[in-house]
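Computation of the quantities below employed the complete heavy-atom set of this structure, encompassing side-chain atoms and omitting hydrogens, waters and symmetry-equivalent molecules. It should be emphasised that the depicted structure is a prediction, and the values quoted were computed from it without experimental measurement.
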Amino acid sequence: MDQNLISCKELENTTKKLYKDAKKYEDCILEANRTEKKMTSDLSNSMLCHEEEKLRELLEEWHSYISQVNAFDEDLVLVTRRTVVEPMKKFQGVFLQIEECEKARQKVQKLQEKEKTGPNIVKLEAARQNLANLEEDFKAQDRLLKSELPLLNEGRIDYFQPCLEALIKAQVEHSGNSVNLFAETIPSLKNGTDLTEMELRQQQNQRFAQIHALSIVGES
């Protein structure tokens, strides 16, 4: 197989994978927000939060944050769709004609290997005619393709890089907006933000130890 066609196939596979991954990434962003919003809603409606004022206030702040950050999530999904998903879908269209011609050639080859019965001969002639029609269109653009396939391969970075740069910048902006919103909407946690991760773990372990020491807690 021509080296340009091999490079083209590799480029097509990479494009398809990136398209699928970006679509999955979109779904994960929205699903994470929906799940977290359900968590805050369920906890806010629990008896535990009704009985404990501080806990209720924290849950209300958290729920408010998640509801507002949803707008940032939707913006990130929109940017992902416009900068990666849609361009990759459009880019895949470049490979369709090459694929159709290759499939037609393979079909003719398989039919040629079959027993020369009446039905098989009819199928073979129909496949040959279909291949001839495809090859006629293909040959009309063959010279153009031979000159453009190397250019397509060489230009892949120029096409991919702006898409990925835009996505990365959108993620950074999303993170910055989320941090700023956190500071505005969850003041209850400001006092705890100065603790290190180790100090937070020690604090949590102390609380677990106190709970475990209660007489109502059995031995594990």
| query | Between the side chain of T185 and the main-chain N/O of L181, is any donor-acceptor distance below 3.5 Å? | reply | yes
| task | Apply side-chain contact (heavy atoms from CB on, under 4.5 Å) to E86 and list each qualifying residue two or more places apart in sequence or on a separate chain. | result | R81, R82
| said: Given K38, which partner from the list T40, T35, D42 fulfils the side-chain hydrogen bond (donor to acceptor under 3.5 Å, both in side chains) test? | reply: D42
| task | Give a yes or no on whether K37 atom NZ has more than 12 heavy-atom contacts from other residues, nucleotides or ligands under 6.0 Å away. | result | yes
| query | Any chain of hydrophobic side-chain contacts (each under 4.5 Å) joining W62 to L48? | reply | yes
| request: Drop me the distance from I66's CD1 to E36's CD, to the nearest 0.5 angstrom. | output: 3.0 Å
| query | Between Y25 and Q171, is any side-chain donor less than 3.5 angstrom from a side-chain acceptor? | reply | yes
| Roughly how far, to the nearest 0.5 Å, is NE2 of H63 from CD1 of I186? | 12.0 Å
| message | Distance check, rounded to the nearest 0.5 Å: K20 atom NZ versus M88 atom CE? | response | 15.0 Å
| Looking only at atom types and distance, does a side-chain atom of S46 sit under 3.5 Å from a main-chain N or O of L43, one as donor and one as acceptor? | yes
| Do the charged groups of K23 and D27 touch, with an N to O distance under 4.0 Å? | no
| In Å, rounded to the nearest 0.5 Å, how long is the span from CE of M39 to CG of L59? | 9.0 Å
| note | The reported gap from CD1 in I29 to OG1 in T80 (rounded to nearest 0.5 angstrom) is 5.0 Å
| request: Check whether V85 and L30 end up in the same hydrophobic cluster, where Ile, Leu, Val, Met, Phe, Trp and Tyr are linked by side-chain heavy atoms less than 4.5 Å apart. | output: yes
| query | Any side-chain donor paired with an acceptor under 3.5 Å for E184 and N180? | reply | no
| remark: Here the pair of heavy atoms bringing C163 nearest to V84 is O-CG2, 3.9 Å
| task | Please report the closest heavy-atom contact between S44 and C49, naming both atoms and the distance. | result | O-CB, 4.0 Å
| said: So, taking the atom named CG in L18 and the one named CG in N13, what distance separates them when rounded to the nearest 0.5 Å? | reply: 12.5 Å
| field | K54 vs L58 side-chain heavy atoms within contact, under 4.5 Å | value | no
| field | Heavy-atom pair with the smallest gap, counting every atom of F182 and Y65 | value | N-CE1, 3.6 Å
| Just wondering, more than 12 heavy atoms not from E165 lying within 6.0 Å of its CD? | yes
| query | Looking only at heavy atoms, what is the nearest atom pair of N45 and H50, with distance? | reply | O-CE1, 3.9 Å
| query | More than 12 non-hydrogen atoms from neighbouring residues, nucleotides or ligands closer than 6.0 Å to CD on Q68, yes or no? | reply | yes
| query | Side chains of H174 and D75: do they bring a donor and an acceptor to under 3.5 Å? | reply | no
